[in-house]
Q: 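What follows is a single structure, and I will ask about it in a moment.
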Amino acid sequence: MKKYNEYKNPNYAQIGEQMLQFWKENGIFEKSVDTREGQPSFTFYEGPPSANGTPGIHHVMARTVKDIFCRYKTQKGFQVKRKGGWDTHGLPVELQVEKELGITKEDIGKKISVEEYNQKCREAVMKFKDEWDDLTEKMGYWVDLDNPYITFETDYIETLWSLLKRLYDKDLLYKGYTIQPYSPAAGTGLSSHELNQPGTYQDVKDTSMTAMFKVEGTENDFFLAWTTTPWTLPANNGLAVGAGIEYVKVKTFNQYTFEPINVILAKDRVSSYFNDKAKDIKLEDYKAGDKLIPFEVLESFKGRELAGKSYEQLMPYIPLEKPGCTVVVGDFVTTEDGTGIVHISKTFGADDYRVSVMNDMPGVFVKDEEGKDVPIVDKQGKYVKEITDFAGMYVKNEYYSDEERPEKSLDVLISIKLKEENRAFKVEKYEHSYPHCWRTDKPILYYPLDSWFIKTTAYKEQLVALNKTINWKPASTGEGRFGNWLENLVDWNLSRSRYWGTPLPIWVSEDKKEQKCIGSLAELKAEVEKSIAAGFMTESIGEDFDLHRPYVDDVYLVSETGQKMTREADLIDVWFDSGAMPYAQWHYPFENKEIFESNFPADFIAEGVDQTRGWFFTLHALAVMLEDKVAFKNVIANGLVLDKNGNKMSKRLGNAINPFETISNFGPDATRWYMISNANPWDNLKFNIEGVGEVQRRFFGTLQNTYAFFALYANLDGFTFEDAEIPLNERPESDRWILSRLNSLIKEVDQAYNDYEPTRASRAIMDFVTDEVSNWYVRLNRKRFWKGDYDQGKKAAYQTLYTCLVSVAKLAAPVAPFYMDRLYQDLNAVSGKENFESVHLSNFPEANEAFINKDLEAQMILAQTISSLTHSIRKKEKIKVRQPLTKVMVPVLDEKTKQYIEAVQDLIMTEVNVKAVEYIDDASGILVKKVKPNFRTLGKKFGSQMKLVAAAIGQWTKAEIAEIEKNGSINISLEGEPASLLLEDVEISSEDIPGWSVASEGKVTVALDISITDELRAEGIARDFVNRIQNLRKDMGLDVQDKINIQVAKNEALINDALTANATYVCEETQALSLTIVDSLSEAQSVEIDEWTLEVKIAVG
RNA sequence: GGGCUUGUAGCUCAGGUGGUUAGAGCGCUACACUGAUAAUGUAGAGGUCCGUGGUUCGAGUCCACGCAGGCCCA
């Protein structure tokens, strides 16, 4: 006879290890994919992690989310292939290598060759791969680790090149510029990382100026705009205002020229520009040279009213065409400093560039020797010759050598010039924090630098439209964060000035007029052959050619006109690498065409919300541009994992949770279950290790106890579920109830998983197991498992509990894959009901509607409420549950409630140890009803008269309640006006019952008869006695089935009579053959019952 | 500075379309149960629902403005 496994002290971490071993030995993961061959596929894309750092607890979170839905869909019959991947390129890898080698970017090509450097990167990037693989296994994340895609491999890069070429052929790849931090002294752009080095931001004093821009077509109206970089003023091409900001026009005088002027600035900034002491001075009293300058506000308007106004170019060295020199709205405008009007220079500011592009405003450019547009400042930081007055001057005095540095900086000279021209309103020194180049310690410029772009804006409409078809969890990330990002889309800047990454496959001729974009290794080889023929190359490249730098940089091609072509030095954004994984993981289009096509787009992806503009965007952008499809249909953007105080985890602060330790202490299942059930994945999780322990105790502990209870008795009775299932209508009330609940649960959990709501699913399962199965079903039915013969009723109990347990194992398997597989196998090994070797190969339960009985579920809730109320009365009256009582009384307001309670009254009687349930209705005469307004319905009818109605109902007596119950309606008077109320407009419940001990909750009221007759008292004593004997039996180490003989020393008559009267009951409960009261007893044990001490002797019979 | 997001008991979280006594678990206190026992049950205490205004007969819920935390972007 097969037995259910019984465990003394289950060790959840050990269960994890054992199951992992079992999965490995039996290839369960592979089978979970292979056995679904031919079934519809469910496609999942793995967002590649970078293995150059150790995995953290947040990775367990992210991967649990991914794993849950893949396992769920497998159980639902889909084939779910999961290819792992590694993200290997990018700045973090470079930085790590530089740190290890103690070098900087400067040293690359000098102290270390590019070749060696890249070799180091290649090694560093897989440094922690073993640790990652270890975690992947231990946490139970099923993903194919044997054939992962790796972004630095030649096949992968080749796909990237082919995609770039497709974009190039669609005219979506172009060279433009972006405004970036640039160090003229070092002649190089700076990454944001370099800008975030300590010491780069320094406090400096600059000449700041509030310049006057003359409104076109006016006599002397000026816009005031403030700048800390007056040298950018000749490049001014617009002014920006805040749409909602209030502006005023002020009549006053220029403090340098004393001329009368009207100036426009933000209302909030007036007090900063005008001296309050001058506010009472009359304009006509002003004399040239007065210190206090009078002012008068003429009118005011909102920023959006100013938009579109034109002004005269301030420093027209390079005349600008319209719509240059107009006022536009900018979201970056504030009234915290300056005038609330911002000077815009398309070539020297990122915001400026963006707002100019959005409004089609031309920037100020000059032509270089090649006829190309360049800004008015050259790469050394000097003005170009077109700025005649100051040609050749450095725009920052710091750029001059100490000997050459002029006394007056360019900013000062420009200020003087504008003062003289009546175009400067205020000039002053201003101290602020400004970034400096970490190499040269000189200030940086924001400067237009060449970059390659993907013209994503050309597909904006499709991107937006297709995004609306994606199911985002949470929806707000899709609509808000992602949607807004698409609405404000700019072209994708692909260029990165780095060494370790995918090189841009574009070669340019010496005169820059010819370009070639290479889309495959074969194409490159062919081009190289041509180049060899032209004499630019000496040898061919092989099949194993490394597409990385520096090798590709040594490849020169030949143009159509015979010119030598050099590769554009840029690498591409690593986000392109990961966004291209749907194609590149299969080396598509060079191989695996069918696999790619049947696995595109993804049904589901999940990653951190911080990837919104990263991976989520690049996947979407490439799919829309290349395939005119979405890349994923469902996406979960999960939140961060914070420490228990809500702080970000970091190794530096020492608050990081080690995932390996957590798993080995609590096991993988509790860890996963805690993370999923505690908060929705898209909310930040405050990770508290105590919570994991709680989940282990509360959920897994309860489930394990329930299983252990089942196994104990099922083994004794030899229950193997070999008989046919007992028909539902032959099972008792509580079985039908728990099965109804189970089937409702199956529906609910299936729906939740299907909606990508794992938290809802796990909470529902947890509540079912702890509250309904364990605390209600098992507790109420305990006796059925251990008392009496192995009959139909007992079998029903086993079958019912078995079904609940095995179903829970399947429902919860996606979240707790190890434990649930153990549970499933332990059950199935004995019953042999299914042929699956693992729960993960089994099918998700299907709800049977015929088992769902909502009436029964409602009845059971009533039973629970009534029991709970009765317990609370006992508690209040200090009557222990072991003391039987005569009856509880329940007022019933309608026949249906009565029927509901009658259906479960046996349960109630057992649970609260009373002998009867009595129903009190109107006819009894003791029921007193009370009435409450139903605000929900009344509100709709009476609205503002609500208070009157409520007051009127408050006055009702028995008569009115009887009337409305009888007629279904009643007429009342509201301030003389007649009104009619329906029965549904009030809620009728029962009042406390005079003379009874009563408790109520909602509409349910319970009265308990607390009188204890002698007979009841005797029964109570007998039950206490049984309890004491049971304890003694256990102390003596007797088995459940051992028989005994009990002797009790003669005591007070009350005790003696109680035992005599209930001797049969006592014997039956305690497996006693006899109960005798004797005059005296030797070697007896003492037990206490209330105030009495009894001498007892137990002999094994 | 902008977009998105969170704020409910000591802690972690629930609270369709507004409805008058705001819930659960843990923790705490007390009690009970004892053939699930390193388990279990019941009860109790514990809340300016972040603040301020507004809409409404009625706001935890809707609106506006703030405050605090988080993420992304500038």
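No experiment lies behind these values; they were computed from the predicted model shown.
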Q: If you only use heavy atoms from C-beta on, which nucleotide in B:rC71, B:rA36, B:rC11 is closest to the side chain of A:Val609?
A: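 Side chain of A:Val609 sits closest to B:rC71.
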
Q: Would you kindly give the CZ-to-P distance between A:Phe616 and B:rC73, to the nearest whole Å?
A: 14 Å

Q: Reckon A:Ser774 touches a base, only the sugar-phosphate, or nothing at all at heavy-atom distances under 4.0 Å?
A: base

Q: Need the pair for B:rG60. Rule: Watson-Crick or G-U wobble, both distances under 3.5 Å, any strand; none if unpaired.
A: none

Q: Taking the P atom in each of B:rG60 and B:rC4, what is the distance between them to the nearest angstrom?
A: 25 Å

Q: Rounded to whole Å, please give me the gap between CG in A:Leu640 and P in B:rC72.
A: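 For the pair A:Leu640 CG and B:rC72 P, the rounded distance is 7 Å.
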
Q: Across the strands shown, which category fits A:Val778 at heavy-atom distances under 4.0 angstrom: base, sugar-phosphate, nothing?
A: base

Q: A:Asn705 side chain: which of B:rA39, B:rU12, B:rG3 is closest?
A: B:rA39

Q: Would you mind reading off the distance between A:Gln704 atom CD and B:rA39 atom C1', rounded to a whole angstrom?
A: 12 Å

Q: Between atom CG in A:Leu486 and atom P in B:rC72, what is the gap in whole Å?
A: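 Distance check: A:Leu486 CG to B:rC72 P gives 18 Å.
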
Q: Are side-chain N/O atoms of A:Asp352 and A:Ser345 paired as donor and acceptor at under 3.5 Å?
A: no

Q: Let's test this: given Watson-Crick or G-U wobble pairing with both distances under 3.5 Å, identify the partner of B:rA24.
A: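 Paired with B:rU12.
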
Q: For B:rG46, what is the paired nucleotide under Watson-Crick or G-U wobble rules, both distances under 3.5 Å?
A: none

Q: Whole Å only: how far is the CZ atom of A:Arg782 from the P atom of B:rA39?
A: 15 Å

Q: Considering heavy-atom distances to RNA chain B, does A:Thr706 or A:Arg763 have its closest nucleotide positioned more toward the 5' end?
A: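 In this pair, the answer is A:Arg763.
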
Q: To the nearest Å, give me how far apart CG (A:Asp683) and P (B:rU12) are.
A: 13 Å

Q: Against A:Phe616, only a single residue in A:Trp472, A:Phe482, A:Trp575 fulfils ring-ring contact (aromatic ring centres under 6.0 Å, His included); can you say which?
A: A:Trp472

Q: What contact category does A:Asp351 fall into here, base, sugar-phosphate, or nothing, at under 4.0 angstrom with non-hydrogen atoms?
A: sugar-phosphate

Q: Between the side-chain atoms of A:Arg481 and the base atoms of B:rC73, is any donor-acceptor pair under 3.5 Å?
A: no

Q: When all nucleic acid strands are considered with a 4.0 Å heavy-atom cut-off, which category describes A:Ser476: base, sugar-phosphate, or nothing?
A: sugar-phosphate

Q: What's A:Ala708 touching, base or sugar-phosphate or nothing? Going by heavy atoms closer than 4.0 Å.
A: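 Nothing, no heavy atom under 4.0 Å.
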
Q: Looking at every strand, decide which applies to A:Arg936 at a 4.0 Å heavy-atom threshold: base, sugar-phosphate, or nothing.
A: base

Q: Tell me whether the side-chain N or O atoms of A:Thr702 pair up with the base of B:rA39 as donor and acceptor below 3.5 Å, since no angle test is needed here.
A: no

Q: Is A:Asn775 touching bases, backbone alone, or none of the nucleic acid, heavy atoms closer than 4.0 Å?
A: sugar-phosphate

Q: If you only use heavy atoms from C-beta on, which nucleotide in B:rG70, B:rC71, B:rU12 is closest to the side chain of A:Asn684?
A: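 Taking heavy atoms from C-beta onward, the closest nucleotide is B:rG70.
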
Q: Using atom P in both nucleotides, what's the gap between B:rU6 and B:rC50 to the nearest angstrom?
A: 13 Å

Q: What is the pairing partner of B:rC31, taking Watson-Crick or G-U wobble pairs with both distances under 3.5 Å in any strand?
A: B:rG41

Q: Can you tell me the distance, in whole Å, between the CZ atom of A:Arg760 and the P atom of B:rG15?
A: 10 Å

Q: When we call it a touch if two heavy atoms are under 4.0 Å apart, what does A:Asn680 touch: a base, just sugar-phosphate, or nothing?
A: sugar-phosphate

Q: Going by an N to O cut-off under 4.0 Å, is there a salt bridge joining A:Arg1028 and A:Asp1024?
A: yes

Q: I'd like to know whether the aromatic ring centres of A:Trp673 and A:Tyr12 sit less than 6.0 Å apart in this structure.
A: no

Q: Without decimals, in angstroms, what is the distance between A:Leu685 CG and B:rC11 C1'?
A: 13 Å

Q: Report the C-alpha separation of A:Tyr674 and A:Phe687 in whole Å, then their side-chain angles, then the decisive distance to 0.1 Å, and conclude whether the ring-ring contact (aromatic ring centres under 6.0 Å, His included) test is met.
A: CA-CA 9 Å; A:Tyr674 164 73; A:Phe687 190 94; 5.4 Å; yes

Q: What contact category does A:Lys783 fall into here, base, sugar-phosphate, or nothing, at under 4.0 angstrom with non-hydrogen atoms?
A: nothing

Q: In whole Å, measure the gap between the C1' atoms of B:rG15 and B:rC49 for me.
A: 10 Å

Q: When you check the gap from the basic side-chain N to the acidic O, do A:Glu748 and A:Arg760 get nearer than 4.0 Å?
A: no

Q: Sticking with atom C1', work out how far B:rA59 lies from B:rG19, rounded to a whole angstrom.
A: 10 Å

Q: Paired with B:rC71: which nucleotide, if any, by Watson-Crick or G-U wobble criteria at under 3.5 Å for both distances?
A: B:rG3

Q: Please confirm whether A:Phe709 and A:Phe785 have ring centers closer than 6.0 angstrom.
A: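 Here the rings of A:Phe785 and A:Phe709 have centres that are less than 6.0 Å from each other.
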
Q: Taking the nucleotide of RNA chain B with the closest heavy atom to each, which residue, A:Thr477 or A:Glu911, is nearer the 5' end?
A: A:Thr477

